[in-house]
4 protein chains.
Amino acid sequence: MEALLDATARVLTREGYDRASTNRIASVAGVSVGSLYQYFPNKEALVAALVARHNREILELARDALKEVASLDLAAAVRAMVRAAVDAHLVDPALHRIFAEQVPRMGQLAKIEDLERETFLLVRSYLEARRKEISIRDLDTATSILVTTVEALTHQFVINKPDAMDGDRDRFIDEVTRLILGYLAPHRTAKPRK
Amino acid sequence: MEALLDATARVLTREGYDRASTNRIASVAGVSVGSLYQYFPNKEALVAALVARHNREILELARDALKEVASLDLAAAVRAMVRAAVDAHLVDPALHRIFAEQVPRMGQLAKIEDLERETFLLVRSYLEARRKEISIRDLDTATSILVTTVEALTHQFVINKPDAMDGDRDRFIDEVTRLILGYLAPHRTAKPRK
Amino acid sequence: MEALLDATARVLTREGYDRASTNRIASVAGVSVGSLYQYFPNKEALVAALVARHNREILELARDALKEVASLDLAAAVRAMVRAAVDAHLVDPALHRIFAEQVPRMGQLAKIEDLERETFLLVRSYLEARRKEISIRDLDTATSILVTTVEALTHQFVINKPDAMDGDRDRFIDEVTRLILGYLAPHRTAKPRK
Amino acid sequence: MEALLDATARVLTREGYDRASTNRIASVAGVSVGSLYQYFPNKEALVAALVARHNREILELARDALKEVASLDLAAAVRAMVRAAVDAHLVDPALHRIFAEQVPRMGQLAKIEDLERETFLLVRSYLEARRKEISIRDLDTATSILVTTVEALTHQFVINKPDAMDGDRDRFIDEVTRLILGYLAPHRTAKPRK
DNA sequence: CATGAATGAGTCTTCATTCAT
DNA sequence: GATGAATGAAGACTCATTCAT
């Protein structure tokens, strides 16, 4: 039931994980608790499904962004990817924050990391294609560092400045791009966009 | 009571935040619930005290590391700081993970961020002292990016490879150092240690 | 749930307010604590509901008695009202005593006084209708004195002689009636019933 | 320890019976809980002792008032006694209210009624002395009615108008006196004071 | 299939009382 | 005698989960 996931997201962001009871979620969804348990075996599975949906939406964005990136030069490509990361975090920042800060990682919820793995592979294959242009020893290590770094910076940016102006956002993207390019292609100076 | 904080840490890392009841903590500490409430007004305060103690320990390390760094050149200094970050995360990785992933940020527990603020100031004043050697526009932004990046990378490294060999660790530190130096001093090539 | 109120009354009268735990009440009612909290948000609300029900029953009696009183002369009317007060106190004397002596007056339980207010108005309007026959300066004061006096005397009578014979009861009613009439109509001598 | 009783009174009136813990009482008294239990075997005994002390103070007033009453005529005597009742209730109205409304009547606290019994005897012996002037069938019944009535009316007056002006108080005393005289001496009209 | 009343284990917290120092 | 840390039974209340209708 899509409505149940919507309700879960609503309750989660409005009340926090601890105060989000299955009864409240069901009533917000306009169904009975019983129905909730017809579709999800327990609360954890419900939250896990919501996480999965959220991640699917974000991955959609990421894939689209990476497609359009193939034709750009490295600097532009990196900037586009960072921008995509920011966009991804803006899908539902409040929900994202709840996932990051309050949802216990255990059992089925280990799946939260699915997104990271998939992102890892996407970025890794991009870097592999550009291998000649970049100076990297170990592809896996580099990918992991990039993914973690961009994710952390973006997360922190969105959390701390939820209503940043476009100017702020562009400046942020510039800085992160510079950081990444300095790592990937240390000999060229990153060219900030005009 | 120090024993209560120890017990809290034990229960927290073994059972997770949600399963850590005050009664269980008290019994692990070898005292009665009543005694627990004689020293801490409620569960939140108990966890907050543990967080504070943990942070104090980590800040101790960080301050010591920064002291020894004053005489080094930029590259060596950055590497030393990254190494300090790793050491800090090795104080009690499991506990650190619980704090990062499960403890709800509210009320007194907002104090969790005290550590971040302190670290921010420490790093910022270091960068300020070296301003001539680095190419940075905005000090605050740069500091924030560095702190977030190093924290995220270190956290992820310690979580994923809790028993990494010294070799792994050194390689990790090298990479992160390269990332940082590429950002702070884009014109020089980072010199990986021999 | 009517059963819950019955159980509350039972436990309250048998054990007293302090020993009446919600768990005990629920188990006496033959349901689980959870069910209790499905119908009443907290202990206070439960007791308040019981008080309300008790008062409703008593007010029913009082209204009926006052209706039949309209056609009687003053002396007979007063005696009928006193008798009604006694009857009201006999609805559930033990429970009434708990309400009077042990239930803390706070929050929603301020409603305990609803009954007093209603009674006040009932009596006041009766006195107003008979104003010519009685010698009273201030209607509100007189009403308040009468209501308080009759309530206190009746309460004390029922508490101290829970199983008084009809004879005792009639003699008590005579005395109280004499007291009231002496106050309302000092010039006539109260005529004790044959 | 007198200080303990004072502290009990303070805590009782400030916080109510339920929130008055022995620890708080002890700390307000400036001693340790242990000391409290050196003087009183349990909480109930402590409260009972406070009740006893309060009652002793009130009885003092009542006895003094009755002494001075011997020489007055009936009307003046009754008014003096009513006034004494009001004075008694003004000794510590807040504490009196707590006793009346919140302190559970059980065990040693049945002693609360000691005051009523003693008052009963005092009034009864006064009425007996004046038997010729009053028209009463049964002395015990009359005494009981008078004591209950005056107590209830005074209590209610003090509770509802804790800061009544002297004028209000005199008018109240007049009315109660009229009520009593109408009962004791139905043939004479009560003479309100000039 | 849907419902939602019922369940009851488990949570945090309080407080009268004890007893080693 | 005084102290006050320690005790732990008990209480109010929550919520994931079940199941008869």
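This is a predicted model, so every value here is computed, not measured.
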Task: DNA chain F base-pair string [pairs: Watson-Crick or G-U under 3.5 Å; |: paired with another strand] - done: .||||||||||||||||||||

All N/O contacts under 3.5 Å from nucleotides 17-21 of chain F to the protein, with atom names and distances to one decimal?
from: F/dT17; atom 1: OP2; to: A/Tyr37; atom 2: OH; distance (Å): 3.0
from: F/dT17; atom 1: OP2; to: A/Lys43; atom 2: N; distance (Å): 3.0

TODO: Using the six-membered ring wherever Trp is involved, compare the ring planes of C/His54 and C/Phe99 and label them parallel, tilted or perpendicular (cut-offs 30° and 60°).
DONE: perpendicular

Open item on the list: Can you classify the ring geometry of B/His89 versus B/His155 as parallel (below 30°), tilted (30 to 60°) or perpendicular (above 60°)?
Closed with: perpendicular

Open item on the list: Using the rule given for side chain to side chain contact (heavy atoms under 4.5 Å, CB included), can you reason through D/Leu115 versus D/Thr119, listing the C-alpha separation, both sets of side-chain angles and the distance that settles it, and then say yes or no?
Closed with: CA-CA 6 Å; D/Leu115 175 60; D/Thr119 311; 3.8 Å; yes

Would you please confirm or rule out a distance under 4.0 Å between OP1 or OP2 of [N] and any side-chain N or O of [X]?
X: B/Ser32; N: F/dT7; result: yes
X: A/Gln38; N: E/dA2; result: yes
X: B/Ser35; N: F/dT7; result: yes

Open item on the list: Say we look at F/dT21 and E/dC1: how far apart would their P atoms be, to the nearest angstrom?
Closed with: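 Between the two P atoms, the distance is 22 Å.
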
Open item on the list: If you apply the rule salt bridge (charged side-chain N to carboxylate O under 4.0 Å, His left out), what do you find for B/Glu15 with B/Arg10, and how did you get there?
Closed with: CA-CA 8 Å; B/Glu15 323 248 14; B/Arg10 282 258 299 281; over 6 Å; no

Task: Residues C/Arg53, C/Asp6: salt bridge by 4.0 Å N-O rule - done: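 Salt bridge: yes.
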
Rounded to the Å, how far apart are [X] [atom1] and [N] [atom2]?
X: A/Tyr17; N: F/dC15; atom1: OH; atom2: P; value: 12 Å
X: D/Leu4; N: F/dT3; atom1: CG; atom2: C1'; value: 14 Å
X: C/Leu46; N: F/dC13; atom1: CG; atom2: P; value: 10 Å
X: A/Arg19; N: F/dT14; atom1: CZ; atom2: P; value: 8 Å
X: B/Glu15; N: E/dG10; atom1: CD; atom2: C1'; value: 14 Å
X: B/Leu36; N: F/dG8; atom1: CG; atom2: C1'; value: 13 Å
X: B/Ile25; N: E/dT11; atom1: CD1; atom2: P; value: 11 Å

TODO: Go through E/dC15, F/dG8, E/dC1 for me and flag the one nearest to the D/Ser21 side chain.
DONE: E/dC15

Classify [X] by what it touches in the nucleic acid, base, sugar-phosphate, or nothing, heavy-atom distance under 4.0 Å.
X: B/Tyr39; result: sugar-phosphate
X: B/Ala20; result: sugar-phosphate
X: C/Asp18; result: nothing
X: D/Met1; result: nothing

Open item on the list: Side chains of D/Leu36 and D/Asn23, heavy atoms from C-beta outward: is any pair under 4.5 Å?
Closed with: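 They are not in side-chain contact.
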
Task: Stepwise side chain to side chain contact (heavy atoms under 4.5 Å, CB included) test for D/Val31 and D/Leu4 - done: CA-CA 8 Å; D/Val31 301; D/Leu4 276 169; 4.0 Å; yes

Task: Result of checking B/Val51, B/Val103, B/Val47 against B/Ile98 for side-chain contact (heavy atoms from CB on, under 4.5 Å) - done: B/Val103

TODO: Would you kindly check if the NZ (Lys) or CZ (Arg) of C/Lys43 is within the cone defined by 45 degrees around the ring axis of C/Tyr37 and under 6.0 Å from the six-membered ring centre?
DONE: no

- [ ] Report the C-alpha separation of A/Thr22 and A/Phe40 in whole Å, then their side-chain angles, then the decisive distance to 0.1 Å, and conclude whether the side chain to side chain contact (heavy atoms under 4.5 Å, CB included) test is met.
- [x] CA-CA 11 Å; A/Thr22 52; A/Phe40 302 95; over 6 Å; no

